[in-house]
Number of protein chains: 2
Amino acid sequence: MPITQAEENYLKAIFKIAEKDDKPALTNAIAAVMQTSAASVTDMLKRLADKQLITYEKYRGVQLTEEGHRLSTALIRRHRLWEVFLTEKLGFAWDEVHDLAEQLEHIQGNGLIDRLDNFLGNPGFDPHGDPIPNAEGHWTYRNQSLLATLQPGTQGVVTGVDDHSATFLQYLDQLGLALGAQVSLLEQFPYDHSVRVRTGDGRELVLSEKVTKNLYIKLLESGN
Amino acid sequence: MPITQAEENYLKAIFKIAEKDDKPALTNAIAAVMQTSAASVTDMLKRLADKQLITYEKYRGVQLTEEGHRLSTALIRRHRLWEVFLTEKLGFAWDEVHDLAEQLEHIQGNGLIDRLDNFLGNPGFDPHGDPIPNAEGHWTYRNQSLLATLQPGTQGVVTGVDDHSATFLQYLDQLGLALGAQVSLLEQFPYDHSVRVRTGDGRELVLSEKVTKNLYIKLLESGN
DNA sequence: AAAAAAATTTAGACTAGACTAAAATATTTT
DNA sequence: AAAATATTTTAGTCTAGTCTAAATTTTTTT
């Protein structure tokens, strides 16, 4: 039995939930990610369990099997490589590529993705700074922290985002905080957990907690 | 109501049949192209007629409406541009790209295809020599003839194929008759309609009627 | 440890797209 | 112009994926 696009999408949703919580993914959580009803999720979980892509215990949530994990990783790899293609080669902005990659990731074909990877120069990260697993499913590790967790006085470079919504990404563009932008954390305001930062080009910005909790920074060695 | 992938595939099949015959496409003909049953075709024809993409008269066959024609043309444009991408950029051979393009042609997204077209340098023809309609749906005309229709003594260049099967394309590769190859028609054998040709690099080949009826040649001016 | 609330599953129904078998309509042959 | 044949449509069924409403199970509150 081939794996359908709907099944692939569920696998990805389960992977993403498991990644965060490291606990079995619950029906309602999956329903929220998939924007569908809990009843539909239950139906699909049975199908995925039949295909041995998840282990499913009624009322207890699900976990990916090894095969399910392998497929999810491959799917994320495909998604992120297509995102690189769309930005690097076709000139799309980082807030425009998600929906297209969501479709492209389902294209099936021998050797397609490895050729694409090669054509793109084997990129390690996608346009949002997310790592791209290699053909064996291994991830590049990177030392980055949410801006929200840093101490005043530290300095770093924007390396990723947690929120991939177009509105957030466009707001970052407006602030001049694309990937690679330098920021120094000047001050934290305990009242609402907003912060004041200085950008690489010398501007000062105040960022809300919502921003600091969605922006990844790689620290620069303080010696530099 | 959005147009589904299945509907798009039927539109393309109807377009291709109409292109050849210039008569209404009949149920069985569509069933043959779609590799499905006549009953399934009838079901789909009703849906397409509801959506005003075809005009359908029971037992009488179908014709594309203006909108149906526009959509089919756009679909062919997408298919052929993706084929160019797969060969030119990813290095696939001309006999490997059909199934992938069959999937890629259904990707929906604002500006995607025009960006792709631009990235590829606005190619006029796909890897099989088929013309690619432009964004307005206009076709590049090219003066080419089936090898089967040429007279001995004429000389030309391979510009296209009618049969897109991998076996035919691989056979042409083996014969050294890729797009752009030179051929002079030396002799026709009335018995089985096979022909003897000389290739650009001086080899002599005998080609069966099946080959000559699937190979397009653009005549060289005899003065050259 | 009941009762209340929340989460999940079941039951039953719907649509798109396919199928087979049977009925209806067209076309071809005699 | 009938009869025979070929084509097409209808009728009824199936699956994947969705839905709502009702029933069940788990968790939380009292």
Side-chain angles (χ1 to χ4, degrees), chain A residues 1-14 16-18 20-21 23-64 68 71-72 75 102-103 105-106 108, chain B residues 1-15 17-18 20-21 23-64 68 71-72 75 102-103 105-106 108:
Chain A
M1 249 164 300
I3 284 135
T4 68
Q5 293 195 10
E7 287 167 348
E8 287 190 334
N9 288 333
Y10 274 95
L11 284 180
K12 204 172 53 160
I14 295 166
K16 287 198 171 161
I17 292 164
K20 284 237 160 101
D21 301 0
K23 274 178 270 179
L26 298 177
T27 303
N28 266 359
I30 299 168
V33 172
M34 295 296 297
Q35 310 240 66
T36 187
S37 72
S40 304
V41 173
T42 301
D43 284 352
M44 180 56 93
L45 296 184
K46 287 178 190 161
R47 277 192 288 271
L48 292 173
D50 284 349
K51 292 194 179 182
Q52 321 240 40
L53 300 173
I54 59 171
T55 54
Y56 170 44
E57 215 184 329
K58 262 193 182 185
Y59 295 101
R60 288 275 115 96
V62 297
Q63 278 181 304
L64 293 171
L71 285 174
S72 314
L75 197 62
E102 205 75 359
Q103 299 174 62
E105 70 190 9
H106 298 295
Q108 306 281 349
Chain B
M1 246 165 304
I3 285 135
T4 68
Q5 293 195 10
E7 288 167 348
E8 287 191 334
N9 288 333
Y10 274 95
L11 284 181
K12 205 171 53 160
I14 294 165
F15 182 94
I17 293 164
K20 284 238 163 101
D21 301 1
K23 275 178 269 178
L26 299 177
T27 303
N28 266 359
I30 299 168
V33 172
M34 294 297 297
Q35 309 239 64
T36 186
S37 71
S40 304
V41 174
T42 301
D43 284 352
M44 180 56 93
L45 296 184
K46 287 178 190 161
R47 278 193 287 271
L48 291 174
D50 284 349
K51 293 192 178 181
Q52 321 239 39
L53 300 173
I54 58 170
T55 54
Y56 170 45
E57 214 185 330
K58 262 191 183 187
Y59 294 102
R60 288 275 115 98
V62 297
Q63 277 181 306
L64 293 170
L71 286 173
S72 315
L75 197 61
E102 206 76 357
Q103 300 174 62
E105 70 189 10
H106 299 296
Q108 306 282 348

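Keep in mind that the numbers below use all heavy atoms, side chains included, and drop hydrogens, waters and symmetry copies. Protein chains get the first letters and strands the later ones, always in sequence-line order, with residue 1 at the start of each.
Note that CG of A:L75 and CD of A:E102 are 8.5 Å apart. Values are rounded to the nearest 0.5 Å. Here the CD-CD distance, from A:Q108 to A:Q5, works out to 8.0 Å after rounding to the nearest 0.5 Å. Distance OH/A:Y10 to CG/A:L53: 14.0 Å, rounded to 0.5 Å. Atoms OG1 and NE2, on A:T4 and A:H106 in that order, are 9.0 Å from each other to the nearest 0.5 Å. A distance of 10.0 Å separates CD1 of A:I30 from CG of A:L11, quoted to the nearest 0.5 Å.
Here the closest heavy-atom approach between residue B:S72 and residue B:L64 is recorded as OG-CD1, 3.7 Å. The two atoms that bring A:Y56 and A:A49 nearest to each other are CB-CB, 3.9 Å, heavy atoms only.
Taking a 4.0 Å limit (strictly below) on heavy-atom distances, residues 45-57 of chain B reaches DNA chain C at B:R47. Against DNA chain D, the stretch residues 29-41 of chain A makes heavy-atom approaches under 4.0 Å through A:T36, A:S37, A:A39, A:S40.
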Polar atoms only, N or O, under 3.5 Å: list the protein pairs with nucleotides 12-15 of chain D and their distances.
none

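Residue B:G61 is the one, among B:G61 and A:E7, whose nearest nucleotide of DNA chain D lies closer to the 5' end (criterion: closest heavy atom).
The CZ atom of B:R60 sits 11 Å away from the P atom of D:dT8 (whole-angstrom rounding). The interatomic distance linking B:M44 (CE) with D:dT9 (P) rounds to 14 Å, in whole Å. Taking atom CD1 on A:I3 and atom P on D:dA16, their separation rounds to 14 Å, with Å as the unit.
Under the rule for a ring pair (Phe, Tyr, Trp, His ring centres under 6.0 Å), the partners of B:F15 that lie at least two apart in sequence or sit in another chain are B:H69.
Here the options are B:I54, B:T55, B:T27, the test is side chain to side chain contact (heavy atoms under 4.5 Å, CB included), and the partner is B:V62; only B:I54 passes.
Of the possible donor and acceptor atoms, one in the side chain of A:K51 sits under 3.5 Å from a partner among the backbone N and O of A:P2.
Boundaries of the chain A contact region on DNA chain C are C:dA7 to C:dT10, first to last in 5' to 3' order (nucleotide atom under 4.0 Å from a heavy atom).
Contact check for A:E105 versus A:K12: side-chain heavy atoms found under the 4.5 Å cut-off.
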Throw together a table of side-chain donor-acceptor distances under 3.5 angstrom for residues 31-48 of chain B, partners on residues two or more places apart or in other chains.
from: B:S37; atom 1: OG; to: B:S40; atom 2: N; distance (Å): 3.2
from: B:S37; atom 1: OG; to: B:S40; atom 2: OG; distance (Å): 2.9
from: B:T42; atom 1: OG1; to: B:A38; atom 2: O; distance (Å): 3.2

